[in-house]
Amino acid sequence: DAGVIQSPRHEVTEMGQEVTLRCKPISGHNSLFWYRQTMMRGLELLIYFNNNVPIDDSGMPEDRFSAKMPNASFSTLKIQPSEPRDSAVYFCASSPTRNRVEQFFGPGTRLTVL
Amino acid sequence: QKEVEQNSGPLSVPEGAIASLNCTYSDRVSQSFFWYRQYSGKSPELIMSIYSNGDKEDGRFTAQLNKASQYVSLLIRDSQPSDSATYLCAVGGYGQNFVFGPGTRLSVLP
């Protein structure tokens with residue numbers, strides 16, 4: 001079975017540019033999570049969806065960040081405009097059901113904002 | 001604010017020894033507990049989940065949970081150099097929202 005798929009794997013952009021990260025969860029999983037990981041702050045939950053509906057976006061750092069899940073097999077995390085402090089590894093994870101809450105992570109997108 | 005704490009390490013153990021990783025959490029109503037392993041440059045990989053007080057064994061790994069003390073641990077028996085990684089403790093409540101600890105870096109010395 002394919003795991004969580006993320007694209008791109010690496011993104012280098014200049015400050016002020018729009019960045020879009022993409023995620024395809026494991027087929028049949030009902031929940032999807034976006035995390036950001038840095039050395040300083042560790043792994044932080046940005047937002048999570050249950051059945052395509054955003055449940056908790058309290059971790060989204062500011063209005064420059066937005067996330068969508070238009071269907072069960074696709075989600076995007078957008079940063080507009082990007083800033084150097086957004087440089088991090090962004091992970092997408094999915095979990096099966098509300099009764100099975102184990103989360104499975106994608107390979108991540110390493111974002112560098114110059 | 002839920003908090004999950006771990007010793008940052010690095011924890012160094014010789015090959016073949018038992019590595020003991022510890023995690024404490026602040027939210028008494030937490031229901032689910034997980035250990036993830038993360039190799040450098042890779043994504044977190046789930047290695048153990050535990051929901052009830054006591055021990056749960058899977059191969060060389062044993063997770064121990066004590067809800068009264070708000071403490072969960074991971075023991076790795078017969079440690080191998082390939083176990084060298086950062087181990088993340090994650091704690092969840094009634095929903096699916098986890099809080100991850102900062103991780104403990106383990107180094108197994110040949």
Side-chain angles (χ1 to χ4, degrees), chain A residues 2-7 9-10 21 23 25-26 29-60 69 88-112, chain B residues 1-10 21-27 29-52 56 58 61 63 65 72 74 85-106:
Chain A
V4 175
I5 299 172
Q6 291 187 247
S7 65
R9 295 292 306 275
H10 301 274
L21 311 181
C23 175
I26 294 171
H29 282 197
N30 292 343
S31 296
L32 182 141
F33 306 79
W34 282 101
Y35 289 90
R36 177 173 68 177
Q37 188 175 42
T38 62
M39 289 292 292
M40 291 296 295
R41 299 175 67 90
L43 195 61
E44 302 174 279
L45 177 67
L46 300 177
I47 185 171
Y48 84 92
F49 297 83
N50 194 43
N51 292 324
N52 311 339
V53 176
I55 302 300
D56 183 356
D57 66 354
S58 59
M60 296 286 262
M69 192 166 186
V89 180
Y90 291 81
F91 289 108
C92 176
S94 68
S95 69
T97 68
R98 294 185 73 86
N99 294 323
R100 276 201 59 206
V101 298
E102 295 92 341
Q103 294 181 19
F104 299 88
F105 282 74
T109 295
R110 182 174 294 276
L111 173 64
T112 302
Chain B
Q1 178 76 11
K2 299 177 186 177
E3 291 185 355
V4 177
E5 297 184 351
Q6 298 179 249
N7 291 332
S8 60
L21 306 165
N22 304 317
C23 172
T24 59
Y25 59 94
S26 64
D27 190 348
V29 301
S30 297
Q31 298 290 311
S32 51
F33 307 86
F34 306 89
W35 283 100
Y36 284 79
R37 177 177 62 199
Q38 186 174 24
Y39 292 114
S40 179
K42 301 295 185 182
S43 59
E45 173 192 11
L46 179 67
I47 55 172
M48 288 289 283
S49 58
I50 185 167
Y51 300 91
S52 304
K56 178 180 178 183
D58 184 1
F61 298 100
L65 175 60
V72 59
L74 179 71
T86 296
Y87 289 80
L88 300 166
C89 172
V91 176
Y94 287 104
Q96 295 165 285
N97 186 354
F98 292 179
V99 175
F100 280 85
T104 297
R105 189 153 55 93
L106 172 66

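Order of the sequence lines sets the chain letters (A, B, ...), proteins ahead of strands, with each chain counted from 1.
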Heavy-atom closest contact (A:Gln103 atom, B:Tyr36 atom, distance): O-OH, 2.7 Å
Contacting region of A:Glu44 [heavy-atom separation from chain B under 4.5 Å]: neither
Nearest non-hydrogen partners of B:Phe34 and A:Glu102, listed with the distance: CE2-CG, 3.6 Å
Side-chain (A:Tyr48) to main-chain (B:Phe98) donor-acceptor, under 3.5 angstrom: no
Check: B:Ser43 side chain, A:Gly106 main-chain N or O, donor-acceptor pair, under 3.5 Å: yes
Under 4.5 Å from a heavy atom of chain A, the part of B:Pro102 involved: neither
Atom group of B:Gln38 that falls short of 4.5 Å from chain A, counting heavy atoms: side chain
Heavy-atom check, side chain of B:Leu46 versus side chain of A:Phe105, under 4.5 Å: no
